[in-house]
Protein chains: 2
Amino acid sequence: MAEDSIRSHTGVGGASTINDVARLAGVSIKTVSRVMNNEPNVRQETRDKVQAAADSLRYRPNLLARSLAGSRSFLLALFYDNPNANYINDMQRGVIRRTRESNYHLLIEPQDSQAPDLAQRITNLLGTIRLDGVILTPPLCDMPVVLDAIEAAGVPYVRVSSVTAPERSATVAMNESKAAYEMTQYLLTQGHTDIGFVLGHPDHGASHLRHEGFRRAMDEAGLTVPPERVGQGYFSYESGVEAGDAILSAPTRPTAIFASSDYMALGVMTSARKLGLRIPEDISICGFDDVPGAMRIWPALTTIRHPAEALAYAAADILLCRETGEGAADAQQILPFRLIERQSVRKL
Amino acid sequence: MAEDSIRSHTGVGGASTINDVARLAGVSIKTVSRVMNNEPNVRQETRDKVQAAADSLRYRPNLLARSLAGSRSFLLALFYDNPNANYINDMQRGVIRRTRESNYHLLIEPQDSQAPDLAQRITNLLGTIRLDGVILTPPLCDMPVVLDAIEAAGVPYVRVSSVTAPERSATVAMNESKAAYEMTQYLLTQGHTDIGFVLGHPDHGASHLRHEGFRRAMDEAGLTVPPERVGQGYFSYESGVEAGDAILSAPTRPTAIFASSDYMALGVMTSARKLGLRIPEDISICGFDDVPGAMRIWPALTTIRHPAEALAYAAADILLCRETGEGAADAQQILPFRLIERQSVRKL
DNA sequence: CTGAAAGCGCTTACAG
DNA sequence: CTGAAAGCGCTTACAG
């Protein structure tokens with residue numbers, strides 16, 4: 001036995017295995033397995049003995065071996081196709097905060113939603129790596145071919161900010177429509193009645209919900225929105241500049257513009273500056289998302305805080321609770337948002 | 001045989017295995033393995049037969065099983081502790097672009113560089129998952145305890161933008177000092193001689209290199225830099241505002257400020273705006289990094305393009321080439337940068 | 001409360 | 001050019 005334990009210490013790559021621990025503790029590998037997995041039905045004395053052996057050998061169960069033998073891979077994957085680094089970063093942070101609580105790990109799998117072989121790529125991936133769960137963000141979460149491929153592989157998944165087919169999987173989201181509604185009400189409260197709006201990317205469901213919230217608030221206030229007050233954007237800064245140019249070059253100008261994403265709002269700001277307009281003196285501008293840059297400009301941007309990290313945490317939580325059988329993972333979770341009032345909107 | 005192949009089609013989770021393919025093709029699993037891995041010494045006829053069987057069963061080799069049996073995990077990990085979402089995003093994109101070429105996957109492992117048990121965390125991680133390589137970014141790449149832990153686990157690693165101990169591993173970087181030198185020369189060319197400088201985070205080696213490049217250019221031009229022209233920053237926007245406030249509140253003002261990161265440059269812009277200064281009419285400002293936001297403001301920021309994605313690709317390439325034994329992975333790779341001239345610096 | 005056996009799906013070494 | 005055997009390091013089901 002002394003020889004064995006010495007042998008198991010042999011340098012780099014000679015990591016100790018369950019066999020080494022079993023030998024040193026004088027038990028079977030099954031007992032070691034029970035102790036390492038905190039299973040019941042092990043005498044405390046035995047448990048201590050095994051733990052001591054494991055500690056002295058610096059034993060770490062091999063995740064790959066556990067995965068192959070067992071039914072879990074301890075791996076989650078995040079699928080996304082989104083150029084917004086902040087959004088992706090928030091998502092990753094939220095998921096990892098949760099996976100670390102359960103000793104899970106995160107694989108990132110950016111996917112080109114335009115790729116003709118998208119479904120095949122996903123099928124290949126899921127066939128190659130046994131994942132315990134997949135988290136989908138827009139626009140992937142609303143693509144039937146994506147959902148079909150994941151379901152065919154039998155992998156659990158949760159969708160973030162999905163706007164379609166709620167019955168197909170658990171989802172987490174914020175109330176986009178309500179947030180846009182409240183932001184519009186805020187503008188009205190500040191005395192603005194002639195308000196421009198910049199639409200988001202038509203492929204993202206949130207765009208339509210935000211637009212809808214804006215319209216509803218305007219309708220309820222008895223206000224109409226002329227077509228020249230609405231610009232088409234695609235969530236990007238550049239598209240915000242263009243939409244801003246379009247709206248601001250109309251014969252008359254609105255007193256405020258609600259861009260349905262912060263990057264577009266920054267674009268509208270640039271458009272306004274190019275025209276020599278002061279913000280917020282000549283034109284009020286507000287956004288949606290609360291990206292870090294929103295408060296890193298002057299004037300800081302009034303916006304809606306999208307709870308991206310919390311959404312990601314919640315999505316991972318649903319997957320991991322299902323895995324361990326704990327708790328009832330809500331089918332459709334709605335997380336709160338917050339209106340962040342800064343300096344880019346003035347009171348008329 | 002017919003029965004077998006039917007059995008292997010049994011729905012979700014019933015993915016076909018190497019045994020199914022071997023049975024259907026009428027060969028041993030070893031031969032299937034040879035075909036799937038493109039090994040030599042298989043008759044073309046046999047190869048075709050196996051491939052046909054694999055295709056008809058939609059066979060995908062199980063990565064976990066390959067890892068456990070073989071010496072590769074097909075997994076790379078990116079370790080980082082950096083609040084800059086754009087930088088992280090670029091790194092991930094670069095690494096993934098390369099891993100996909102070799103059917104590898106990427107695990108992301110953000111680490112708290114301040115954690116007292118950082119080394120233990122890394123040791124645990126590397127003991128649990130057999131990784132084929134780790135990519136380290138600042139400041140982790142310059143922490144001896146981190147390098148020690150990875151080396152003790154016998155895992156290959158590459159460091160990005162490391163400034164210490166080049167002999168310990170392969171590294172990829174850009175010439176930070178030269179870039180700062182060239183930017184300073186550019187400012188001099190534009191007629192600026194009284195130039196302020198905002199230092200980066202002292203824990204990041206690049207900060208000192210950038211500062212050194214600035215000093216060298218000023219020295220060579222015979223210009224001295226009074227202490228009140230230099231502000232301490234930490235790469236963040238907020239620190240840029242503070243450093244800008246400090247520099248701009250001196251009795252006299254420089255005509256230009258070189259902030260050694262874009263976020264700090266944006267902070268200096270805000271500081272200047274708060275003081276009622278126009279950019280670049282009253283003060284020229286330039287940055288370093290070329291974050292997306294640098295061109296999404298007005299005036300767009302003159303800066304240095306840090307080749308983050310290319311660095312990440314190169315780092316992954318070194319790891320994967322070593323893995324497959326191809327090519328001589330250069331020990332120290334230097335990638336080119338570019339000075340991006342935009343509107344935030346004016347000619348005096 | 002504990003263990004011996006089988007097996008997860010592959011690759012490695014060896015044999016022919 | 002091809003294959004039978006052993007084994008990677010665990011877990012699952014079963015036995016006692």
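In what follows, every chain begins at residue 1, and chains take the letters A, B, ... in the order their sequences are listed. Note that this is a predicted model, so its numbers are computed, not measured.
Evaluation of the side chain to side chain donor-acceptor pair (under 3.5 Å) rule for A/Glu45 yields no partner, not counting sequence neighbours. Take B/Asp148 and apply the side chain to side chain donor-acceptor pair (under 3.5 Å) test, not counting sequence neighbours, and it matches B/Arg168. With sequence neighbours excluded, no residue satisfies side chain to side chain donor-acceptor pair (under 3.5 Å) with B/Ser67. Every residue meeting the side chain to side chain contact (heavy atoms under 4.5 Å, CB included) condition with A/Ala308, not counting sequence neighbours, appears here in chain and number order: A/Tyr87, A/Asp90, A/Met91, A/His306. Taking the side chain to side chain donor-acceptor pair (under 3.5 Å) definition, one finds that B/Gln51 meets it with B/Asp55, sequence neighbours left out. Applying the side chain to side chain contact (heavy atoms under 4.5 Å, CB included) criterion to A/Arg97, with sequence neighbours excluded, gives A/Glu309, A/Tyr313. Considering only residues two or more places apart in sequence or on other chains, A/Ser33 meets the side chain to side chain contact (heavy atoms under 4.5 Å, CB included) condition with A/Ile18, A/Lys30, A/Asn37.
Residue B/Arg72 contributes atom CZ, which lies 16 Å from atom C1' of D/dC8 at whole-angstrom precision. Atom CG in A/Asp48 sits about 13 Å away from atom P in C/dC1, given to the nearest Å. Straight-line distance from the CG atom of B/Leu57 to the C1' atom of C/dG9: 15 Å, rounded to whole Å.
Residue pairs meeting the ring-ring contact (aromatic ring centres under 6.0 Å, His included) criterion with at least one partner in residues 21-68 of chain A, sequence neighbours excluded, are absent. Applying the ring-ring contact (aromatic ring centres under 6.0 Å, His included) rule to pairs touching residues 113-137 of chain A yields nothing, sequence neighbours excluded.
Contact annotation: the side chain of B/Arg100 approaches that of A/Glu109 to within less than 4.5 Å [non-hydrogen atoms, C-beta and beyond].
Taking only side-chain nitrogens and oxygens, A/Thr31 comes nearer than 4.0 Å to OP1 or OP2 of C/dG3. The side chain of B/Thr46 places an N or O atom within less than 4.0 Å of a non-bridging phosphate oxygen (OP1 or OP2) of D/dT2.
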Would you write the dot-bracket representation of DNA chain C, where each base gets (, ), [, ], | or . depending on whether it forms a Watson-Crick or G-U pair under 3.5 Å and with which partner?
|||.||||||||.|||
Nucleotide N/O of nucleotides 10-14 of chain D paired with protein N/O under 3.5 Å:
residue : atom : partner : partner atom : Å
D/dC10  : OP1  : A/Tyr59 : OH           : 2.9
D/dC10  : OP1  : A/Asn62 : N            : 3.2
D/dC10  : OP2  : A/Ile18 : N            : 2.7
D/dC10  : OP2  : A/Tyr59 : OH           : 3.2
D/dC10  : O5'  : A/Tyr59 : OH           : 3.1
D/dC10  : O5'  : A/Asn62 : N            : 3.4
D/dT11  : OP1  : A/Asn37 : ND2          : 2.9
D/dT11  : OP1  : A/Arg66 : NE           : 3.2
D/dT11  : OP2  : A/Ser33 : OG           : 2.4

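DNA chain C is contacted by no residue of residues 120-131 of chain B, taking any non-hydrogen atom closer than 4.0 Å.
Salt-bridge annotation for A/Asp317 and A/Arg98: present, with a side-chain N of the basic residue lying under 4.0 Å from a carboxylate O of the acidic one.
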